[in-house]
J.: 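Here you go, one structure.
Proteins come first, then strands; the chains are lettered A, B, ... in the order of their sequence lines, and each starts at number 1.
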Number of protein chains: 2
Amino acid sequence: MAGRQARKSIPQRASGPALWASVGARVRDRERKRDAVIMTAARAFRERGYHNTSLDDIASELNVTKPTVYHYVENKEQLLFECFRAGLALIMNGIEAQQESTATGRERLAAVIARYAEAITSDFGWCMVQAENQDLSPTMSRKVKALKSEIDQGLRSLIRAGVADGSIRPCDEKMTAFALAGALNWIAHWYRSDDQLAASEIAQRFIELFELGLQPR
Amino acid sequence: MAGRQARKSIPQRASGPALWASVGARVRDRERKRDAVIMTAARAFRERGYHNTSLDDIASELNVTKPTVYHYVENKEQLLFECFRAGLALIMNGIEAQQESTATGRERLAAVIARYAEAITSDFGWCMVQAENQDLSPTMSRKVKALKSEIDQGLRSLIRAGVADGSIRPCDEKMTAFALAGALNWIAHWYRSDDQLAASEIAQRFIELFELGLQPR
DNA sequence: CTCTAAATATACTCGTCGGTAAATTAGGAT
DNA sequence: ATCCTAATTTACCGACGAGTATATTTAGAG
(Lines give C-alpha, C1' and ligand atoms only; values in the text may rest on other atoms or scores of the structure.)
Protein backbone atom coordinates (compact mmCIF):
# COMPACT_ATOMS: atom_id res chain seq x y z
CA MET A 1 0.00 0.00 0.00
CA ALA A 2 2.60 2.48 1.16
CA GLY A 3 4.87 1.18 -1.47
CA ARG A 4 2.22 1.69 -4.03
CA GLN A 5 1.46 5.11 -2.77
CA ALA A 6 5.10 5.99 -2.98
CA ARG A 7 5.28 4.61 -6.43
CA LYS A 8 2.24 6.59 -7.25
CA SER A 9 3.36 9.99 -6.04
CA ILE A 10 7.06 9.97 -6.60
CA PRO A 11 6.91 8.25 -9.95
CA GLN A 12 5.00 11.26 -11.22
CA ARG A 13 8.40 12.66 -11.84
CA ALA A 14 10.03 9.47 -13.03
CA SER A 15 7.14 8.08 -15.04
CA GLY A 16 6.16 11.49 -16.28
CA PRO A 17 8.35 11.24 -19.33
CA ALA A 18 7.37 7.60 -19.79
CA LEU A 19 3.73 8.59 -19.64
CA TRP A 20 4.26 11.29 -22.16
CA ALA A 21 6.29 9.07 -24.33
CA SER A 22 3.44 6.61 -24.45
CA VAL A 23 0.84 9.30 -24.93
CA GLY A 24 3.06 10.67 -27.62
CA ALA A 25 3.18 7.27 -29.23
CA ARG A 26 -0.57 7.12 -29.12
CA VAL A 27 -0.86 10.55 -30.68
CA ARG A 28 1.60 9.61 -33.37
CA ASP A 29 -0.36 6.46 -33.94
CA ARG A 30 -3.54 8.39 -34.31
CA GLU A 31 -1.92 10.78 -36.73
CA ARG A 32 -0.50 7.97 -38.79
CA LYS A 33 -3.93 6.40 -39.02
CA ARG A 34 -5.54 9.70 -39.83
CA ASP A 35 -3.04 10.18 -42.62
CA ALA A 36 -3.88 6.73 -43.91
CA VAL A 37 -7.54 7.69 -44.01
CA ILE A 38 -6.76 10.83 -45.95
CA MET A 39 -4.46 9.12 -48.38
CA THR A 40 -6.94 6.37 -49.02
CA ALA A 41 -9.62 8.96 -49.61
CA ALA A 42 -7.39 10.85 -52.02
CA ARG A 43 -6.73 7.73 -54.02
CA ALA A 44 -10.41 6.83 -54.11
CA PHE A 45 -11.45 10.34 -55.07
CA ARG A 46 -8.93 10.34 -57.85
CA GLU A 47 -10.08 6.98 -59.16
CA ARG A 48 -13.81 7.35 -58.94
CA GLY A 49 -14.42 11.01 -58.17
CA TYR A 50 -15.60 12.67 -54.98
CA HIS A 51 -19.31 12.10 -55.43
CA ASN A 52 -18.90 8.56 -56.63
CA THR A 53 -16.97 7.60 -53.54
CA SER A 54 -18.90 6.79 -50.39
CA LEU A 55 -17.42 6.80 -46.94
CA ASP A 56 -18.30 3.13 -46.77
CA ASP A 57 -16.05 2.62 -49.78
CA ILE A 58 -13.17 4.37 -48.10
CA ALA A 59 -13.76 2.51 -44.87
CA SER A 60 -13.81 -0.85 -46.55
CA GLU A 61 -10.62 -0.07 -48.44
CA LEU A 62 -9.09 0.48 -45.02
CA ASN A 63 -10.60 -2.78 -43.77
CA VAL A 64 -12.57 -0.82 -41.25
CA THR A 65 -16.13 0.43 -40.79
CA LYS A 66 -17.55 3.84 -41.46
CA PRO A 67 -17.73 5.12 -37.88
CA THR A 68 -14.03 4.47 -37.59
CA VAL A 69 -13.45 6.86 -40.42
CA TYR A 70 -15.57 9.40 -38.59
CA HIS A 71 -13.34 8.88 -35.60
CA TYR A 72 -10.49 10.44 -37.52
CA VAL A 73 -12.27 12.98 -39.58
CA GLU A 74 -15.23 15.29 -39.04
CA ASN A 75 -17.09 14.52 -42.23
CA LYS A 76 -16.71 13.87 -45.91
CA GLU A 77 -16.21 17.49 -46.77
CA GLN A 78 -13.28 17.78 -44.42
CA LEU A 79 -11.79 14.69 -45.97
CA LEU A 80 -11.82 16.40 -49.33
CA PHE A 81 -10.43 19.54 -47.80
CA GLU A 82 -7.54 17.66 -46.22
CA CYS A 83 -6.68 16.03 -49.54
CA PHE A 84 -6.80 19.40 -51.12
CA ARG A 85 -4.59 20.95 -48.51
CA ALA A 86 -2.06 18.15 -48.80
CA GLY A 87 -1.81 18.73 -52.53
CA LEU A 88 -1.46 22.45 -52.22
CA ALA A 89 1.18 22.07 -49.54
CA LEU A 90 3.37 20.17 -51.99
CA ILE A 91 3.19 23.03 -54.43
CA MET A 92 3.69 25.71 -51.81
CA ASN A 93 6.81 23.87 -50.63
CA GLY A 94 8.12 24.07 -54.15
CA ILE A 95 7.53 27.78 -54.28
CA GLU A 96 8.97 28.46 -50.86
CA ALA A 97 12.05 26.42 -51.67
CA GLN A 98 12.86 28.97 -54.37
CA GLN A 99 12.23 31.94 -52.14
CA GLU A 100 15.84 32.31 -51.00
CA SER A 101 17.45 31.16 -54.22
CA THR A 102 19.75 33.57 -55.97
CA ALA A 103 18.97 32.24 -59.44
CA THR A 104 17.16 34.36 -62.01
CA GLY A 105 13.40 34.60 -61.90
CA ARG A 106 13.07 32.42 -64.97
CA GLU A 107 15.27 29.71 -63.50
CA ARG A 108 13.36 29.75 -60.24
CA LEU A 109 10.09 29.61 -62.11
CA ALA A 110 11.32 26.56 -63.99
CA ALA A 111 12.19 24.87 -60.71
CA VAL A 112 8.73 25.60 -59.37
CA ILE A 113 7.13 24.17 -62.49
CA ALA A 114 9.04 20.94 -61.99
CA ARG A 115 7.82 20.58 -58.40
CA TYR A 116 4.33 21.59 -59.44
CA ALA A 117 4.18 18.84 -62.03
CA GLU A 118 5.43 16.37 -59.46
CA ALA A 119 2.68 17.39 -57.05
CA ILE A 120 -0.08 17.37 -59.58
CA THR A 121 0.63 13.80 -60.62
CA SER A 122 0.28 12.59 -57.04
CA ASP A 123 -2.97 11.24 -55.67
CA PHE A 124 -3.55 14.61 -54.06
CA GLY A 125 -3.14 16.31 -57.39
CA TRP A 126 -6.54 15.30 -58.61
CA CYS A 127 -8.21 16.47 -55.44
CA MET A 128 -6.45 19.77 -55.64
CA VAL A 129 -7.60 20.33 -59.14
CA GLN A 130 -11.10 19.03 -58.71
CA ALA A 131 -11.92 20.36 -55.27
CA GLU A 132 -14.47 22.82 -56.44
CA ASN A 133 -16.06 25.43 -54.27
CA GLN A 134 -19.30 23.76 -55.23
CA ASP A 135 -18.62 20.79 -53.03
CA LEU A 136 -17.46 22.78 -50.04
CA SER A 137 -19.24 24.81 -47.43
CA PRO A 138 -18.71 28.57 -47.63
CA THR A 139 -16.16 28.39 -44.85
CA MET A 140 -14.07 25.67 -46.45
CA SER A 141 -14.49 27.29 -49.81
CA ARG A 142 -12.97 30.49 -48.49
CA LYS A 143 -10.00 28.61 -47.09
CA VAL A 144 -9.47 26.84 -50.39
CA LYS A 145 -9.66 30.11 -52.28
CA ALA A 146 -7.11 31.63 -49.94
CA LEU A 147 -4.67 28.76 -50.46
CA LYS A 148 -5.12 28.83 -54.20
CA SER A 149 -4.52 32.52 -54.17
CA GLU A 150 -1.24 32.01 -52.34
CA ILE A 151 -0.04 29.76 -55.13
CA ASP A 152 -1.17 32.25 -57.72
CA GLN A 153 0.58 35.10 -55.98
CA GLY A 154 3.70 32.98 -55.67
CA LEU A 155 3.76 32.38 -59.41
CA ARG A 156 3.09 36.00 -60.19
CA SER A 157 5.83 37.27 -57.96
CA LEU A 158 8.28 34.90 -59.60
CA ILE A 159 7.25 36.24 -62.97
CA ARG A 160 7.62 39.79 -61.73
CA ALA A 161 11.06 38.95 -60.39
CA GLY A 162 12.00 37.51 -63.73
CA VAL A 163 10.86 40.59 -65.57
CA ALA A 164 12.74 42.75 -63.09
CA ASP A 165 16.02 40.85 -63.51
CA GLY A 166 15.59 40.69 -67.27
CA SER A 167 15.29 36.92 -67.51
CA ILE A 168 11.63 37.12 -68.52
CA ARG A 169 10.19 39.18 -71.33
CA PRO A 170 7.76 41.82 -69.99
CA CYS A 171 4.31 40.29 -70.06
CA ASP A 172 0.89 40.25 -68.47
CA GLU A 173 1.82 38.51 -65.24
CA LYS A 174 -1.73 37.57 -64.37
CA MET A 175 -2.54 35.84 -67.65
CA THR A 176 0.86 34.23 -67.75
CA ALA A 177 0.37 32.76 -64.30
CA PHE A 178 -3.10 31.55 -65.28
CA ALA A 179 -1.86 29.89 -68.43
CA LEU A 180 0.99 28.25 -66.60
CA ALA A 181 -1.16 27.01 -63.74
CA GLY A 182 -3.79 25.85 -66.20
CA ALA A 183 -1.40 23.81 -68.27
CA LEU A 184 0.01 22.27 -65.10
CA ASN A 185 -3.28 21.62 -63.36
CA TRP A 186 -4.67 20.03 -66.43
CA ILE A 187 -2.07 17.32 -66.18
CA ALA A 188 -4.24 15.81 -63.45
CA HIS A 189 -6.92 15.23 -66.05
CA TRP A 190 -4.88 13.17 -68.44
CA TYR A 191 -2.03 11.77 -66.42
CA ARG A 192 -2.24 8.12 -65.41
CA SER A 193 0.21 6.79 -62.88
CA ASP A 194 1.15 4.00 -65.26
CA ASP A 195 2.00 6.60 -67.86
CA GLN A 196 5.31 6.16 -69.61
CA LEU A 197 6.03 9.81 -69.14
CA ALA A 198 7.44 10.76 -65.75
CA ALA A 199 6.32 14.00 -64.18
CA SER A 200 9.82 15.37 -64.52
CA GLU A 201 9.79 14.79 -68.27
CA ILE A 202 6.46 16.51 -68.65
CA ALA A 203 7.78 19.43 -66.67
CA GLN A 204 10.87 19.62 -68.89
CA ARG A 205 8.76 19.86 -72.04
CA PHE A 206 6.50 22.46 -70.50
CA ILE A 207 9.43 24.58 -69.37
CA GLU A 208 10.93 24.46 -72.83
CA LEU A 209 7.65 25.42 -74.43
CA PHE A 210 6.92 28.29 -72.08
CA GLU A 211 10.45 29.62 -72.19
CA LEU A 212 11.04 29.48 -75.92
CA GLY A 213 7.56 29.81 -77.32
CA LEU A 214 6.30 28.37 -80.57
CA GLN A 215 7.73 30.92 -82.94
CA PRO A 216 11.17 29.97 -84.27
CA ARG A 217 13.99 32.12 -82.99
CA MET B 1 -64.75 2.46 -94.35
CA ALA B 2 -64.00 2.71 -98.04
CA GLY B 3 -64.36 6.49 -97.83
CA ARG B 4 -61.96 6.63 -95.04
CA GLN B 5 -59.61 4.40 -96.85
CA ALA B 6 -59.79 6.71 -99.88
CA ARG B 7 -59.40 9.82 -97.82
CA LYS B 8 -56.56 8.16 -96.14
CA SER B 9 -54.71 7.23 -99.26
CA ILE B 10 -55.40 10.17 -101.56
CA PRO B 11 -54.94 12.98 -99.07
CA GLN B 12 -51.46 11.72 -98.51
CA ARG B 13 -50.66 13.80 -101.53
CA ALA B 14 -52.75 16.89 -100.83
CA SER B 15 -52.40 17.11 -97.09
CA GLY B 16 -48.96 15.64 -97.26
CA PRO B 17 -47.19 18.99 -97.33
CA ALA B 18 -49.59 20.44 -94.78
CA LEU B 19 -49.14 17.42 -92.60
CA TRP B 20 -45.43 17.61 -92.88
CA ALA B 21 -45.40 21.31 -92.31
CA SER B 22 -47.24 20.86 -89.10
CA VAL B 23 -45.35 17.79 -88.08
CA GLY B 24 -42.24 19.71 -88.99
CA ALA B 25 -43.34 22.54 -86.80
CA ARG B 26 -43.94 20.11 -84.00
CA VAL B 27 -40.55 18.56 -84.45
CA ARG B 28 -38.93 21.98 -84.49
CA ASP B 29 -40.86 22.85 -81.39
CA ARG B 30 -39.74 19.74 -79.68
CA GLU B 31 -36.15 20.40 -80.64
CA ARG B 32 -36.32 23.95 -79.41
CA LYS B 33 -37.62 22.77 -76.09
CA ARG B 34 -35.08 20.04 -75.88
CA ASP B 35 -32.37 22.60 -76.50
CA ALA B 36 -33.81 24.73 -73.74
CA VAL B 37 -33.58 21.80 -71.38
CA ILE B 38 -29.98 21.20 -72.30
CA MET B 39 -28.99 24.84 -72.02
CA THR B 40 -30.68 25.17 -68.66
CA ALA B 41 -28.89 22.06 -67.49
CA ALA B 42 -25.57 23.42 -68.71
CA ARG B 43 -26.04 26.63 -66.81
CA ALA B 44 -27.08 24.79 -63.65
CA PHE B 45 -24.18 22.36 -63.90
CA ARG B 46 -21.79 25.23 -64.32
CA GLU B 47 -23.18 27.09 -61.36
CA ARG B 48 -23.59 24.30 -58.87
CA GLY B 49 -21.85 21.32 -60.39
CA TYR B 50 -23.25 18.15 -61.87
CA HIS B 51 -23.80 16.25 -58.64
CA ASN B 52 -25.21 19.21 -56.80
CA THR B 53 -27.86 19.75 -59.42
CA SER B 54 -30.98 17.62 -59.27
CA LEU B 55 -33.30 17.10 -62.18
CA ASP B 56 -35.97 18.71 -60.03
CA ASP B 57 -33.79 21.81 -59.93
CA ILE B 58 -33.49 21.90 -63.68
CA ALA B 59 -37.19 21.26 -64.12
CA SER B 60 -38.18 24.02 -61.77
CA GLU B 61 -35.85 26.46 -63.49
CA LEU B 62 -37.81 25.65 -66.64
CA ASN B 63 -41.09 26.10 -64.76
CA VAL B 64 -41.89 22.51 -65.44
CA THR B 65 -41.85 19.21 -63.56
CA LYS B 66 -39.31 16.46 -63.63
CA PRO B 67 -41.17 14.00 -65.89
CA THR B 68 -41.30 16.71 -68.52
CA VAL B 69 -37.55 16.84 -68.51
CA TYR B 70 -37.51 13.08 -68.94
CA HIS B 71 -39.76 13.56 -71.91
CA TYR B 72 -36.94 15.32 -73.71
CA VAL B 73 -33.96 13.48 -72.41
CA GLU B 74 -33.22 9.88 -71.49
CA ASN B 75 -31.62 10.51 -68.13
CA LYS B 76 -29.29 12.75 -66.24
CA GLU B 77 -26.20 11.23 -67.72
CA GLN B 78 -27.36 11.97 -71.24
CA LEU B 79 -28.07 15.52 -70.22
CA LEU B 80 -24.47 15.90 -69.19
CA PHE B 81 -23.34 14.23 -72.36
CA GLU B 82 -25.36 16.61 -74.51
CA CYS B 83 -23.89 19.61 -72.75
CA PHE B 84 -20.50 18.15 -73.29
CA ARG B 85 -21.12 17.52 -76.94
CA ALA B 86 -22.43 21.04 -77.45
CA GLY B 87 -19.25 22.46 -75.96
CA LEU B 88 -16.99 20.26 -77.99
CA ALA B 89 -18.87 21.08 -81.17
CA LEU B 90 -18.03 24.76 -80.70
CA ILE B 91 -14.37 23.92 -80.55
CA MET B 92 -14.49 21.47 -83.42
CA ASN B 93 -16.13 24.15 -85.54
CA GLY B 94 -13.23 26.41 -84.79
CA ILE B 95 -10.76 23.78 -85.88
CA GLU B 96 -12.66 22.84 -89.01
CA ALA B 97 -13.00 26.47 -90.00
CA GLN B 98 -9.20 26.59 -90.31
CA GLN B 99 -8.98 23.38 -92.25
CA GLU B 100 -9.12 25.04 -95.66
CA SER B 101 -7.28 28.21 -94.72
CA THR B 102 -4.07 28.99 -96.55
CA ALA B 103 -2.50 30.80 -93.63
CA THR B 104 0.57 29.40 -91.86
CA GLY B 105 0.12 26.73 -89.22
CA ARG B 106 0.93 29.18 -86.47
CA GLU B 107 -1.66 31.66 -87.68
CA ARG B 108 -4.30 28.98 -87.97
CA LEU B 109 -3.44 27.71 -84.51
CA ALA B 110 -3.90 31.21 -83.15
CA ALA B 111 -7.33 31.42 -84.76
CA VAL B 112 -8.29 28.10 -83.20
CA ILE B 113 -7.14 29.28 -79.79
CA ALA B 114 -9.38 32.30 -80.06
CA ARG B 115 -12.43 30.19 -80.87
CA TYR B 116 -11.46 27.72 -78.18
CA ALA B 117 -11.38 30.43 -75.54
CA GLU B 118 -14.75 31.65 -76.72
CA ALA B 119 -16.22 28.19 -76.38
CA ILE B 120 -14.72 27.48 -73.01
CA THR B 121 -16.20 30.60 -71.46
CA SER B 122 -19.69 29.56 -72.52
CA ASP B 123 -22.03 27.66 -70.25
CA PHE B 124 -21.07 24.52 -72.09
CA GLY B 125 -17.43 25.19 -71.41
CA TRP B 126 -17.65 24.10 -67.85
CA CYS B 127 -19.44 20.89 -68.74
CA MET B 128 -16.89 20.10 -71.37
CA VAL B 129 -14.08 20.51 -68.95
CA GLN B 130 -15.71 18.80 -66.01
CA ALA B 131 -17.48 15.97 -67.75
CA GLU B 132 -15.36 13.26 -66.30
CA ASN B 133 -15.44 9.69 -67.37
CA GLN B 134 -16.26 8.99 -63.77
CA ASP B 135 -19.76 10.33 -64.14
CA LEU B 136 -20.47 8.57 -67.40
CA SER B 137 -21.28 5.01 -68.30
CA PRO B 138 -18.60 3.13 -70.20
CA THR B 139 -20.46 3.72 -73.46
CA MET B 140 -20.79 7.47 -73.00
CA SER B 141 -17.29 7.65 -71.67
CA ARG B 142 -15.96 6.11 -74.84
CA LYS B 143 -17.84 8.62 -76.95
CA VAL B 144 -16.48 11.48 -74.89
CA LYS B 145 -12.97 10.15 -75.17
CA ALA B 146 -13.36 9.89 -78.93
CA LEU B 147 -14.55 13.48 -79.22
CA LYS B 148 -11.79 14.77 -76.99
CA SER B 149 -9.32 12.86 -79.06
CA GLU B 150 -10.57 14.55 -82.20
CA ILE B 151 -9.83 17.94 -80.68
CA ASP B 152 -6.43 16.77 -79.59
CA GLN B 153 -5.62 15.43 -83.02
CA GLY B 154 -6.82 18.65 -84.56
CA LEU B 155 -4.45 20.67 -82.43
CA ARG B 156 -1.58 18.34 -83.07
CA SER B 157 -2.02 18.41 -86.81
CA LEU B 158 -2.06 22.20 -86.76
CA ILE B 159 1.19 22.15 -84.83
CA ARG B 160 2.66 19.66 -87.29
CA ALA B 161 1.58 21.86 -90.16
CA GLY B 162 3.24 24.83 -88.51
CA VAL B 163 6.47 22.96 -88.04
CA ALA B 164 6.30 21.80 -91.66
CA ASP B 165 5.80 25.30 -93.03
CA GLY B 166 8.42 26.75 -90.72
CA SER B 167 6.07 28.97 -88.75
CA ILE B 168 6.46 26.87 -85.60
CA ARG B 169 9.71 25.85 -83.98
CA PRO B 170 10.13 22.06 -84.00
CA CYS B 171 8.72 20.76 -80.74
CA ASP B 172 7.08 17.84 -79.00
CA GLU B 173 3.66 18.14 -80.61
CA LYS B 174 1.90 16.01 -78.02
CA MET B 175 3.09 17.94 -74.99
CA THR B 176 2.55 21.22 -76.76
CA ALA B 177 -1.04 20.31 -77.53
CA PHE B 178 -1.57 19.19 -73.94
CA ALA B 179 -0.16 22.38 -72.53
CA LEU B 180 -2.25 24.49 -74.87
CA ALA B 181 -5.45 22.61 -74.22
CA GLY B 182 -4.74 22.65 -70.49
CA ALA B 183 -4.23 26.38 -70.32
CA LEU B 184 -7.40 26.90 -72.35
CA ASN B 185 -9.56 24.37 -70.53
CA TRP B 186 -8.51 25.76 -67.22
CA ILE B 187 -10.15 29.04 -68.12
CA ALA B 188 -13.44 27.37 -67.28
CA HIS B 189 -12.26 27.07 -63.69
CA TRP B 190 -11.57 30.71 -63.08
CA TYR B 191 -13.61 32.61 -65.63
CA ARG B 192 -16.79 34.29 -64.42
CA SER B 193 -19.21 35.62 -66.98
CA ASP B 194 -19.18 38.99 -65.23
CA ASP B 195 -15.43 39.06 -65.65
CA GLN B 196 -13.97 42.26 -67.02
CA LEU B 197 -11.82 40.28 -69.37
CA ALA B 198 -13.52 39.16 -72.56
CA ALA B 199 -12.70 35.75 -73.94
CA SER B 200 -11.08 37.37 -76.95
CA GLU B 201 -8.69 39.32 -74.75
CA ILE B 202 -7.72 36.24 -72.81
CA ALA B 203 -7.08 34.45 -76.07
CA GLN B 204 -4.90 37.32 -77.29
CA ARG B 205 -2.69 37.13 -74.20
CA PHE B 206 -2.42 33.38 -74.45
CA ILE B 207 -1.48 33.51 -78.11
CA GLU B 208 1.21 36.07 -77.40
CA LEU B 209 2.58 33.99 -74.54
CA PHE B 210 2.64 30.74 -76.45
CA GLU B 211 4.06 32.29 -79.59
CA LEU B 212 6.81 34.38 -78.05
CA GLY B 213 7.59 32.47 -74.87
CA LEU B 214 8.87 33.93 -71.65
CA GLN B 215 12.49 34.31 -72.59
CA PRO B 216 13.31 37.73 -74.05
CA ARG B 217 14.16 37.72 -77.73
C1' DC C 1 -67.09 17.02 -82.92
C1' DT C 2 -64.31 13.21 -81.97
C1' DC C 3 -60.17 10.63 -81.82
C1' DT C 4 -55.48 10.15 -81.17
C1' DA C 5 -50.98 11.17 -79.76
C1' DA C 6 -47.93 14.23 -77.67
C1' DA C 7 -47.00 17.04 -73.61
C1' DT C 8 -47.30 17.71 -68.92
C1' DA C 9 -48.45 16.80 -64.14
C1' DT C 10 -49.33 14.08 -59.70
C1' DA C 11 -47.77 11.06 -56.70
C1' DC C 12 -45.16 7.61 -55.85
C1' DT C 13 -40.87 3.85 -55.36
C1' DC C 14 -36.51 2.61 -54.06
C1' DG C 15 -31.71 2.65 -53.43
C1' DT C 16 -27.93 5.12 -51.72
C1' DC C 17 -25.38 7.54 -48.58
C1' DG C 18 -24.02 10.80 -44.98
C1' DG C 19 -24.23 10.76 -40.41
C1' DT C 20 -25.08 8.92 -35.47
C1' DA C 21 -26.46 6.49 -31.01
C1' DA C 22 -25.23 2.90 -28.42
C1' DA C 23 -22.75 -1.05 -27.44
C1' DT C 24 -18.20 -3.64 -27.45
C1' DT C 25 -13.30 -4.42 -27.41
C1' DA C 26 -8.33 -3.41 -26.50
C1' DG C 27 -4.60 -1.60 -23.98
C1' DG C 28 -2.29 1.18 -20.97
C1' DA C 29 -2.06 3.11 -16.08
C1' DT C 30 -2.37 2.26 -11.15
C1' DA D 1 -7.08 -7.21 -10.78
C1' DT D 2 -9.32 -3.03 -12.07
C1' DC D 3 -10.39 0.97 -14.22
C1' DC D 4 -10.42 4.25 -17.67
C1' DT D 5 -10.16 5.90 -22.16
C1' DA D 6 -9.54 5.43 -26.98
C1' DA D 7 -10.70 2.60 -30.88
C1' DT D 8 -13.96 0.12 -33.27
C1' DT D 9 -18.30 -2.14 -34.38
C1' DT D 10 -23.31 -3.06 -34.98
C1' DA D 11 -27.40 -1.34 -36.21
C1' DC D 12 -29.85 2.22 -37.29
C1' DC D 13 -32.11 7.01 -39.15
C1' DG D 14 -33.44 10.48 -42.31
C1' DA D 15 -32.92 12.84 -46.45
C1' DC D 16 -32.35 13.26 -50.93
C1' DG D 17 -32.71 12.31 -55.56
C1' DA D 18 -33.04 9.43 -59.84
C1' DG D 19 -36.36 7.42 -62.16
C1' DT D 20 -41.43 5.76 -63.15
C1' DA D 21 -46.50 4.34 -63.33
C1' DT D 22 -50.40 6.59 -64.08
C1' DA D 23 -53.51 10.25 -64.79
C1' DT D 24 -54.65 14.55 -67.23
C1' DT D 25 -54.41 18.14 -70.42
C1' DT D 26 -53.74 20.02 -75.09
C1' DA D 27 -53.90 20.32 -79.95
C1' DG D 28 -53.73 18.74 -84.43
C1' DA D 29 -56.13 15.35 -87.87
C1' DG D 30 -60.24 13.72 -90.00
J.: Could you state the atom-to-atom distance from CG of A:N75 to C1' of C:dC17 in whole Å?
T.: 14 Å

J.: So, do A:F206 and A:I187 sit near enough that their side-chain heavy atoms are less than 4.5 Å apart?
T.: yes

J.: Listing time: all N or O pairs from protein to nucleotides 7-10 of chain C that are below 3.5 Å?
T.:
| residue | atom | partner | partner atom | Å |
| --- | --- | --- | --- | --- |
| C:dA7 | OP2 | B:R30 | NH1 | 2.7 |
| C:dA7 | OP2 | B:H71 | NE2 | 3.4 |
| C:dT8 | OP1 | B:K33 | NZ | 3.0 |
| C:dT8 | OP2 | B:Y72 | OH | 2.5 |
| C:dA9 | OP2 | B:T65 | N | 2.9 |
| C:dA9 | OP2 | B:T65 | OG1 | 3.0 |
| C:dA9 | OP2 | B:T68 | OG1 | 2.9 |

J.: For the helix from C:dC1-D:dG30 to C:dT30-D:dA1, figure out the bend between the end axes, five pairs an end, and round to 10 degrees.
T.: 0°

J.: In Å and rounded to the nearest 0.5 Å, what is the OG1 to NE2 distance from A:T65 to A:H71?
T.: 11.5 Å

J.: Would A:F124 and A:F84 count as a ring pair (Phe, Tyr, Trp, His ring centres under 6.0 Å) here? Give the steps.
T.: CA-CA 6 Å; A:F124 296 123; A:F84 183 84; over 10 Å; no

J.: For A:Q78 and C:dG18, give me the distance from atom CD to atom P, rounded to whole Å.
T.: 15 Å

J.: Could you walk me through whether A:D135 and A:M140 pass the side chain to side chain contact (heavy atoms under 4.5 Å, CB included) test, one step at a time?
T.: CA-CA 9 Å; A:D135 298 324; A:M140 290 296 199; over 6 Å; no

J.: Calculate the interatomic distance between B:H51 atom NE2 and D:dA18 atom C1'; express it in whole Å.
T.: 13 Å

J.: Can A:R85 and A:E82 be said to form a salt bridge (charged side-chain N to carboxylate O under 4.0 Å, His left out), step by step?
T.: CA-CA 5 Å; A:R85 179 155 61 186; A:E82 295 297 341; 3.0 Å; yes

J.: Within this structure, what is the NZ-to-C1' distance between A:K76 and C:dT16, rounded to whole angstrom?
T.: 11 Å

J.: Whole angstrom is fine here: how far is it from CG in A:N52 over to P in C:dG18?
T.: 11 Å

J.: I need the CG-C1' distance between B:D57 and D:dG17, as an integer number of Å.
T.: 10 Å

J.: Applying ring pair (Phe, Tyr, Trp, His ring centres under 6.0 Å), which residue pairs with at least one partner in residues 39-67 of chain B are found, sequence neighbours left out?
T.: A:H51-B:H51, B:F45-B:Y50

J.: Whole angstroms only, please: what is the CG-C1' distance between B:D56 and D:dT20?
T.: 13 Å

J.: Look up atom CH2 in A:W190 and atom OG1 in A:T121, then write down how far apart they are to the nearest 0.5 Å.
T.: 9.5 Å

J.: Using 4.0 Å as the upper bound for N to carboxylate O, is an ion pair formed by B:D35 and B:R32?
T.: no

J.: Given atom OH of B:Y70 and atom C1' of D:dA18, what is their separation to the nearest angstrom?
T.: 5 Å

J.: Classify the ring geometry between A:W186 and A:H189 as parallel (under 30°), tilted (30 to 60°) or perpendicular (over 60°).
T.: parallel

